Protein chains: 2
Amino acid sequence: MSQDEALLPTKPELEILKLLWRRKALSAREIADEVAAPLDWSYSTLRTVLERMVEKRLLKRLEGEGVNRYAASVGKVSLLSRMIEDFSGRVLELDAAPPAVTFAKSKLLTRSEIEELERTLRKAEQKS
Amino acid sequence: MSQDEALLPTKPELEILKLLWRRKALSAREIADEVAAPLDWSYSTLRTVLERMVEKRLLKRLEGEGVNRYAASVGKVSLLSRMIEDFSGRVLELDAAPPAVTFAKSKLLTRSEIEELERTLRKAEQKS
DNA sequence: CATGGCATGCTACAACTGTAGCAAAACGCC
DNA sequence: GGCGTTTTGCTACAGTTGTAGCATGCCATG
């Protein structure tokens, strides 16, 4: 039951993380404006999910000055790396994840992030 | 609610499918002997999951001669193709899934299945 | 300083998944 | 044909996720 066992986000959670990776720290209202509509969620629903993500350590809540803001507490490359590892190993049964350049066309990743991803994947590989 | 909206299997469900792709049709007992132990499941749990997979159309139950047997009702290449599409698009935001040769080292796929996978992926691509 | 409006904190509930037990039916052996 | 063992069919319950409402508190503006 160790609470931080590197859990992977669900689909809507990932959408929220993607937004926060792009925009740093946003209020619940701002997040709602961007993702609640596409997801067809009420503001209430979005807030519940945000709070649960904080509990799961996927986000951190920044309190204090004015309205609370939420920020990703997992790095993009680090999380994607874990997801790629999981998919490669568990689903496809590959001994090693494909080279990061395979994902070079990803709309999520810049050139240097691809390089960072490659390093991260190879590092993770050691520990197998 | 169209009941066949191409759902993807959960982790344990995928393990069961992998077994049945290798071994055709097996009784619950035989499946239990192979996967219940690694998964640390009771026979009861395994049976519940099997029945739910039948409801979800992931398996079919072959009744009749003697003990019931279960067989995969989704093809390996077809399901993996959908899972790869989902992962590539939803998680990595790639316009097109990587070429199937990327997964050539998969322990799940033979050379000709890789070729079939390539065709399947490219066909799915059209419909985007 | 009263009021309208958004923010926050709780509570709720259904579906799905993980997990398993129990009772009755069926099968095979003596 | 009876008995022990398996197979089947139900039921159950907890945890997670999807989904949302309500009540109270805070803040700014008239």
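All figures in this text were calculated on a predicted structure; none of them were measured in a lab. In what follows, chains carry the letters A, B, and so on, assigned in the order in which the sequence lines appear, proteins first and then strands, with residues in each chain numbered from 1.
- One can place CD of B:Glu63 at 14 Å from C1' of C:dA26, the figure rounded to the nearest angstrom.
- Counting only heavy atoms from C-beta on, A:Arg61 has its side chain closest to C:dG9 among C:dT17, C:dG9, C:dC13.
- By the side-chain contact (heavy atoms from CB on, under 4.5 Å) test, A:Ser88 pairs with A:Ile84, A:Leu94, A:Ala97, A:Pro98, sequence neighbours left out.
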Please list, pair by pair, any protein nitrogen or oxygen found under 3.5 Å from a nitrogen or oxygen in nucleotides 26-28 of chain D.
none

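- Between the NZ atom of A:Lys56 and the P atom of D:dG15 there is a distance of 15 Å, given to the nearest Å.
- Criterion: ILVMFWY side-chain heavy atoms under 4.5 Å apart, direct or through other members. Under it, B:Leu39 and B:Tyr43 are not part of a common hydrophobic cluster.
- In this structure the side chain of B:Arg69 never reaches within 4.5 angstrom of the side chain of B:Arg61, judged on heavy atoms.
- Residue A:Arg52 contributes atom CZ, which lies 14 Å from atom P of C:dT11 at whole-angstrom precision.
- The nearest whole Å value for the distance from the OH atom in A:Tyr70 to the P atom in C:dA7 is 11 Å.
- Scanning all heavy atoms of the two residues, the minimum distance from B:Val91 to A:Leu80 falls at CG1-CD2, 3.8 Å.
- Looking at the side chain of B:Asn68, the nearest of the listed nucleotides D:dA12, C:dT8, D:dT8 is D:dT8.
- As a whole-Å value, the separation of A:Leu39 CG from D:dT17 P is 15 Å.
- Only A:Tyr43, A:Arg47, listed by number, bring a heavy atom of residues 41-51 of chain A to less than 4.0 angstrom from any atom of DNA chain C.
- Taking side-chain N and O atoms only, A:Arg29 has no distance below 4.0 Å to OP1 or OP2 of C:dC6.
- Distances shown here put every side-chain N or O of B:Ser27 at or beyond 4.0 Å from the OP1 or OP2 atom of D:dT7.
- Looking at residues two or more places apart in sequence or on another chain, you find a side-chain contact (heavy atoms from CB on, under 4.5 Å) between A:Arg122 and A:Ala96, A:Pro99, A:Glu118, A:Glu125.
- The side chain of A:Val67 sits closest to C:dT8 out of D:dT17, C:dT8, D:dT6.
- If you measure from atom CG of B:Leu7 to atom P of C:dA15, you get 17 Å, rounded to the nearest angstrom.
- Taking atom CD of B:Glu55 as the reference point, atom P of D:dG9 lies 12 Å away to the nearest angstrom.
- No continuous path of ILVMFWY side-chain contacts below 4.5 Å connects B:Val67 to B:Ile16, so the two sit in separate hydrophobic clusters.
- The interatomic distance linking B:Asp40 (CG) with C:dA20 (P) rounds to 7 Å, in whole Å.
- Legend: residues meeting side-chain contact (heavy atoms from CB on, under 4.5 Å) with A:Thr110, ordered by chain and number and at least two apart, are A:Ser112, A:Glu113.
- Among residues two or more places apart in sequence or in another chain, the side-chain contact (heavy atoms from CB on, under 4.5 Å) test is passed with B:Lys123 by none.
- Using a 4.5 Å heavy-atom threshold, the side chains of B:Met83 and A:Leu92 count as separate.
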